[in-house]
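Remarks on the structure that follows.
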Amino acid sequence: MNANQTTAVRENWWARLTRSKYFIYVLISPLFLVLLAYVIYPFYQTFVQSVVGKEGATLENYQRFFGLTSTANLEALWTSVYISVISVITCAIVGVTMAFLMERYEFPGRKILSVLILVPMALPPLVGVLSFTFLYGESGIIPRAFQVLFDLEKVPFSLKGVMGVIVVHTFTMYTYFYLTAAAAIKGLDPSLEEAATSLGSGRIRIWLKVILPMLTPALIASSLLVFMISMASYTAPLMFGVERTMTMQIYLSRTNGSLDMAATQSTILSIVSISFLILMRWYQGRRNYQNQSKGISVHRTELRSQFAKYMSMFLSFIGVIILMLPILVLILISFSVDGEWTVQVIPTAYTLQHYIDLFTDERTWRPIWNSLQMSFVATAGNILFGVAAAYAMVRMKFKGKAVLDILIMVPWALPGTVVAVNLIAAFSEPNVFSFNQVLIGTFWILPLAYFVRHLPLIFRSTSAALMQMDESIEEAARSLGANWWYTFRRVVVPMAFSGILAGTLLALVQGIGEFVASILIYSTSTMPLSVAIFQKMYAFKFGTACAYGVLQIILIITVLFVSQKITDGKAGSAI
């Protein structure tokens with residue numbers, strides 16, 4: 001058999017395979033295997049660790065958790081739920097109000113405010129909390145400024161405890177409500193409100209009976225998302241001294257060597273988070289309120305009152321200051337000399353050395369290089385499996401589709417502490433999924449954690465791009481003789497490229513800023529950037545810590561800008 005005949009046989013074999021009804025299972029089997037190995041198996045190992053004691057299977061850890069002898073765990077569960085519910089309420093108030101103002105009214109300062117309103121998205125969790133500590137903490141700039149200004153014995157106010165956590169959550173998470181509510185408000189038909197007004201309804205009744213029902217799907221989805229992220233919050237409770245939260249209890253149990261209780265706490269937190277994820281997916285699958293009218297979307301109303309214009313200008317100015325202060329204070333302190341800022345309102349000595357050290361000092365550069373390496377490795381895996389999963393979910397029909405959809409999104413619901421504990425439980429000993437190697441303490445454990453956590457980002461952004469593609473384009477390519485693989489490479493991937501790239505950039509930058517999972521599983525040789533910031537902070541090297549933070553912010557702003565450009569402003573849907 002000559003070379004041409006061999007090639008023809010291979011092509012015929014491939015063509016028969018792609019036309020087979022079993023081809024879909026050839027495609028999705030690696031996805032199921034990866035999810036089994038690195039999502040289900042680690043979670044199962046954590047559960048086993050929580051119910052297996054020295055004498056075999058036992059529920060002792062769960063009895064201790066829910067028992068009244070020591071109420072620390074129950075208090076932590078209650079505090080986490082309480083903080084999450086209040087965070088949802090405050091984020092909804094701020095996000096929906098801002099969306100309504102930005103989309104319904106034209107006023108002086110609106111354009112600049114509409115740009116800066118997304119600034120909190122550029123703050124990684126650790127860096128965001130760090131900036132709030134420097135601004136509003138007990139030794140923060142603003143409380144100290146009031147103390148000096150009014151010659152007080154102590155600061156008149158400061159952010160701390162549960163209130164500090166809620167304020168930080170509100171500032172950093174209201175964008176989820178803003179993005180979804182703004183998109184929904186843009187699509188509202190003004191004729192519905194006009195019809196309600198003509199029937200004698202007042203503004204309050206129109207809000208309750210017309211506008212809110214139309215916004216309900218977006219509000220519910222945002223509420224559940226903020227609730228899950230708040231339940232997973234670790235950095236804010238850590239920095240504001242709130243030890244009685246689930247994530248903090250998991251960290252304390254882990255560091256104190258109580259691995260069985262850490263596994264129990266992780267299992268319970270996972271169940272709560274996954275339950276809310278399933279609730280969100282169930283609600284999004286229901287028949288939602290839809291605008292069936294043919295009217296045009298609402299136009300912005302220009303303010304005519306002079307008082308309203310001046311007031312809007314003043315409030316816009318205040319809004320700009322509030323939104324920019326966290327980043328400005330990080331930039332300011334990044335130039336301060338370490339150890340010189342003690343009781344003064346602002347630093348008194350400044351230097352460029354911190355930024356020079358970022359790229360010239362090997363010890364300072366090492367965490368940056370570690371984060372870049374590990375995030376690139378994880379993102380490469382995310383692209384491979386995220387794009388394949390998105391194509392399978394959007395374009396193909398097979399048994400187990402709903403299960404695959406939930407399995408892919410589970411890591412998005414799991415807190416970083418839980419993901420870390422799961423990986424510790426699964427890969428502290430050799431097994432088939434780690435190729436008979438111990439992964440804990442090696443370079444590969446952190447990229448694996450980033451891969452698991454950020455797989456849903458590329459999956460969601462690619463799915464959104466594929467849903468907007470007309471299937472007839474692929475059918476046309478195949479009718480002209482192109483096989484499945486050629487069509488996928490030359491038609492599907494180029495057309496979905498903007499969605500793939502947006503998810504890739506977001507996953508990459510999330511990996512570089514990842515802290516919650518990293519703090520539990522990093523080693524000295526693999527210390528990532530986020531852990532280096534944390535350590536510099538606690539060594540009172542505020543200038544170096546903030547220089548690291550500014551570098552992260554520049555990277556994230558660049559990525560968000562590129563993502564918004566290549567997706568025509570739709571990158572937020574992947575977050």
Side-chain angles (χ1 to χ4, degrees), residues 38-39 41-54 58 60-67 70-77 79-80 125-126 129 165 231-274 411 413-429 431 434 438-442 444-450 452-453 514-528 530-535 537-538:
Y38 304 117
V39 177
Y41 175 71
F43 180 75
Y44 168 75
Q45 287 295 102
T46 299
F47 174 72
V48 168
Q49 193 170 19
S50 72
V51 296
V52 175
K54 296 179 180 179
T58 177
E60 179 184 351
N61 291 318
Y62 290 91
Q63 291 171 350
R64 284 168 53 199
F65 185 98
F66 292 105
S70 175
T71 59
N73 288 310
L74 287 176
E75 289 177 23
L77 182 59
T79 303
S80 292
L126 177 61
V129 177
V165 174
M231 285 291 290
S233 178
Y234 170 78
T235 311
L238 175 67
M239 300 295 280
F240 287 106
V242 183
E243 292 187 0
R244 296 294 170 84
T245 64
M246 288 296 291
T247 50
M248 283 299 296
Q249 289 297 110
I250 292 170
Y251 176 77
L252 292 173
S253 296
R254 167 67 187 163
T255 53
N256 290 335
S258 182
L259 301 184
D260 56 344
M261 181 50 69
T264 304
Q265 293 159 340
S266 298
T267 302
I268 292 171
L269 184 54
S270 298
I271 291 171
V272 173
S273 299
I274 292 172
L414 292 180
T417 48
V418 172
V419 171
V421 169
N422 289 352
L423 294 178
I424 291 168
F427 301 115
S428 293
E429 296 180 358
N431 60 64
S434 62
V438 175
L439 295 185
I440 299 300
T442 69
W444 298 104
I445 192 64
L446 278 169
L448 180 58
Y450 301 164
V452 170
R453 291 213 72 196
E514 171 62 50
F515 172 69
V516 179
S518 303
I519 192 67
L520 285 175
I521 54 178
Y522 82 97
S523 62
T524 305
S525 60
T526 62
M527 181 188 296
S530 56
V531 175
I533 294 174
F534 179 73
Q535 292 193 348
M537 171 71 178
Y538 273 83

I424 vs Q49, test: side-chain contact (heavy atoms from CB on, under 4.5 Å). Steps then yes/no. CA-CA 11 Å; I424 291 168; Q49 193 170 19; over 6 Å; no

Is it true that a side-chain atom of T526 and a backbone atom of Y522 form a donor plus acceptor pair closer than 3.5 Å? no

Could you walk me through whether I533 and F515 pass the side-chain contact (heavy atoms from CB on, under 4.5 Å) test, one step at a time? CA-CA 10 Å; I533 294 174; F515 172 69; over 6 Å; no

Please check: side-chain N/O of T417 versus main-chain N/O of I250, any donor-acceptor pairing under 3.5 Å? no

Out of curiosity, T264 OG1 to L259 CG, how far, rounded to the nearest 0.5 Å? 10.5 Å

What distance separates S50 OG from E60 CD, expressed to the nearest 0.5 Å? 12.0 Å

Roughly how far, to the nearest 0.5 Å, is the CG atom of L448 from the CD1 atom of I521? 8.0 Å

Quick check on F66: does its CZ atom have over 12 non-hydrogen neighbours (other residues, nucleotides or ligands) under 6.0 Å away? yes

Closest heavy-atom contact between L423 and I440? O-CD1, 3.8 Å

Enter the distance from T267:OG1 to Y44:OH here, rounded to the nearest 0.5 Å. 12.0 Å

Kindly determine whether I268 and Y62 satisfy side-chain contact (heavy atoms from CB on, under 4.5 Å), including the steps that lead there. CA-CA 9 Å; I268 292 171; Y62 290 91; 4.0 Å; yes

Do any N or O atoms from the side chain of T247 and from the backbone of S233 form a donor-acceptor pair under 3.5 angstrom? yes

Within the structure provided, determine whether D260 and R64 are in side-chain contact (heavy-atom separation under 4.5 Å). yes

Return yes if some donor-acceptor pair links the side-chain N/O of S273 with the main-chain N/O of L414 below 3.5 Å, else return no. no

Do you know which two heavy atoms are closest between P42 and N422, and how far apart they sit? CB-O, 3.4 Å

How close do A262 and V421 get, counting heavy atoms only, and between which atoms? O-CG1, 4.3 Å

Judged by modelled atom types alone, do Y450 and S518 share a side-chain donor-acceptor pair under 3.5 Å? yes

Under 3.5 Å, is there a donor-acceptor pair between the side chain of Q249 and the main chain of Y251? no

Over all atoms of both residues, closest heavy-atom pair of R453 and P411: CA-CB, 4.2 Å

Hey, is the main chain of L77 close enough, under 3.5 Å, to the side chain of S80 for a donor-acceptor pair? no

Is the gap between the ring centers of F47 and F43 under 6.0 Å? no

Distance in Å, I445 CD1 paired with S428 OG, rounded so as to fall on 0.5 Å steps: 8.0 Å

Under 3.5 Å, is there a donor-acceptor pair between the side chain of N73 and the main chain of Q265? no

Is it true that, when you exclude E75 itself, more than 12 heavy atoms of the residues, nucleotides or ligands shown sit nearer than 6.0 Å to its CD? yes

Quick one: closest heavy-atom pair of V418 and S266, and the distance? CG2-O, 3.9 Å

Smallest heavy-atom separation, V516 atom then I519 atom, equals O-CG2, 3.2 Å

